[in-house]
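Lettering follows sequence order; numbering is per chain, from 1.
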Number of protein chains: 2
Amino acid sequence: MMMRLEEAIKQKEFKDPYNKLVVNLLYTHSYLVTAQNGLFKPYDLSPEQYNVLRILRGQNGKPLTVSSIQDRMLNKMSNASRLVEKLKSKELVQRVECPTDRRQVDVSITEKGYQVLNELEKQVSEFNHSVINLGESEVIQLNELLDRLRK
Amino acid sequence: MMMRLEEAIKQKEFKDPYNKLVVNLLYTHSYLVTAQNGLFKPYDLSPEQYNVLRILRGQNGKPLTVSSIQDRMLNKMSNASRLVEKLKSKELVQRVECPTDRRQVDVSITEKGYQVLNELEKQVSEFNHSVINLGESEVIQLNELLDRLRK
DNA sequence: GTGAATTTAATGTATATACATTTAAATACC
DNA sequence: GGTATTTAAATGTATATACATTAAATTCAC
């Protein structure tokens with residue numbers, strides 16, 4: 001049930017390709033996260049919470065401060081402090097006051113966090129393939145275009 | 001200050017291009033809406049509220065029911081009912097009980113809604129060009145890939 | 001060294017998203 | 001025709017986003 005954007009949102013035409021592209025990116029994003037939510041729901045994690053876990057694991061045990069997590073997050077405007085609080089209440093991360101700078105907080109993934117993440121990871125990877133209806137060379141091309149799109 | 005995704009989120013590498021693409025789409029979306037918010041802010045409209053106005057204007061005066069608006073929205077999960085309420089309180093749309101089916105509500109754009117929309121439209125179009133750092137043929141290519149990506 | 005400026009995280013508030021539930025009206029079924 | 005089912009919109013609740021403000025600790029400037 002592939003659909004051109006124009007059919008999907010019942011719009012006759014766009015002013016020009018640039019205007020269509022902005023709408024297309026918004027629409028494709030919605031398509032993606034709607035599917036993603038179903039994947040994360042059974043684990044009681046949101047996509048951004050999963051992403052924070054992934055970021056922490058990438059540190060190989062070394063903790064990250066809240067602001068460093070924020071820097072690495074996909075959505076720069078979201079609130080790392082509150083996401084960390086949510087993950088902590090699920091015992092997936094731990095927060096320790098940084099000894100060299102008491103303003104900062106060292107956040108690291110817990111054993112339980114690793115377990116949940118590893119379990120989810122395989123499914124996420126399969127999902128990412130299944131949700132994208134393109135061949136590998138097209139996917140590479142799309143990545144290049146998106147990387148260059150942003151100024 | 002163009003950056004490959006890997007630099008932007010300080011991640012060494014991705015498992016494969018499909019996994020990178022999902023993250024790339026999420027990240028590019030965030031880049032886009034962050035910029036968009038600045039554009040809409042002075043008009044006290046959110047991007048989705050703007051989109052609803054645009055949808056209603058596309059009807060050339062004919063009203064749409066709340067569920068038809070929902071169908072045409074970019075985010076199928078968002079709440080058309082509450083967005084319409086917000087727009088009504090700003091007097092940008094009007095709501096009339098549908099005479100043939102009292103469950104339904106006919107929503108249409110007001111004169112004031114037209115004015116705001118027309119004023120914004122030029123800026124939005126300029127913005128859409130300026131935010132995309134690609135040539136027209138690449139933009140067309142990107143649109144085609146996104147349309148095919150979705151199943 | 002003391003006060004000003006900056007940095008880090010947390011908090012407050014409004015809006016939006018995600019999804020379940022409710023209410024009312026219309027349609028289907030017997 | 002009366003009950004059951006379906007449909008449309010609204011509402012409830014939790015989470016997330018966007019952005020301003022606050023509080024505490026650190027750094028800078030003199």
Next on the checklist: At 4.0 Å (heavy atoms only), tell me whether A/Glu85 reaches a base, stays on the sugar-phosphate, or touches nothing.
Outcome noted: nothing

Next on the checklist: Rounding to an integer number of Å, can you tell me how far B/Gln70 CD sits from C/dC19 P?
Outcome noted: 13 Å

Item to check | Nearest-angstrom distance from the residue atom CD of B/Glu48 to P of C/dA16 | outcome: 9 Å

Item to check | Contact list for DNA chain D against residues 25-42 of chain A - heavy-atom distance below 4.0 Å | outcome: none

Item to check | Atom NZ of B/Lys90 with >12 non-hydrogen neighbours under 6.0 angstrom | outcome: yes

Checklist entry - Are any non-hydrogen side-chain atoms of B/Val116 and B/Tyr50 less than 4.5 angstrom apart? => result no

Next on the checklist: Could you tell me if the side chain of A/Glu6 sits less than 4.5 Å from the side chain of A/Lys20, heavy atoms only?
Outcome noted: yes

Next on the checklist: A/Phe40 vs A/Leu120, test: side-chain contact (heavy atoms from CB on, under 4.5 Å). Steps then yes/no.
Outcome noted: CA-CA 8 Å; A/Phe40 291 118; A/Leu120 252 170; 4.0 Å; yes

Checklist entry - For every nucleotide of nucleotides 5-15 of chain D, 5' to 3': is a protein heavy atom under 4.0 Å from its base (B), only from its sugar-phosphate (S), or from neither (-)? => result --BSSBBBB--

Checklist entry - Are side-chain heavy atoms of A/Leu83 and A/Met73 found at a separation under 4.5 Å? => result yes

Next on the checklist: Contact between B/Leu5 and B/Phe14 at the side-chain level, heavy atoms closer than 4.5 Å - yes or no?
Outcome noted: yes

Contacts under 3.5 angstrom, residues 58-67 of chain B side chains, donor-acceptor by atom type, not counting sequence neighbours:
| residue | atom | partner | partner atom | Å |
| --- | --- | --- | --- | --- |
| B/Thr65 | OG1 | B/Ser67 | OG | 3.4 |
| B/Thr65 | OG1 | B/Ser68 | N | 3.3 |
| B/Thr65 | OG1 | B/Ser68 | OG | 3.0 |

Checklist entry - Under a 4.5 Å cut-off applied to non-hydrogen side-chain atoms, are B/Val131 and B/Gln36 in contact? => result no

Item to check | Whole-Å distance separating the CD atom of A/Glu97 from the C1' atom of D/dT26 | outcome: 13 Å

Next on the checklist: Is there a side-chain contact between A/Ser78 and the phosphate of D/dA16, meaning an N or O under 4.0 Å from OP1 or OP2?
Outcome noted: no

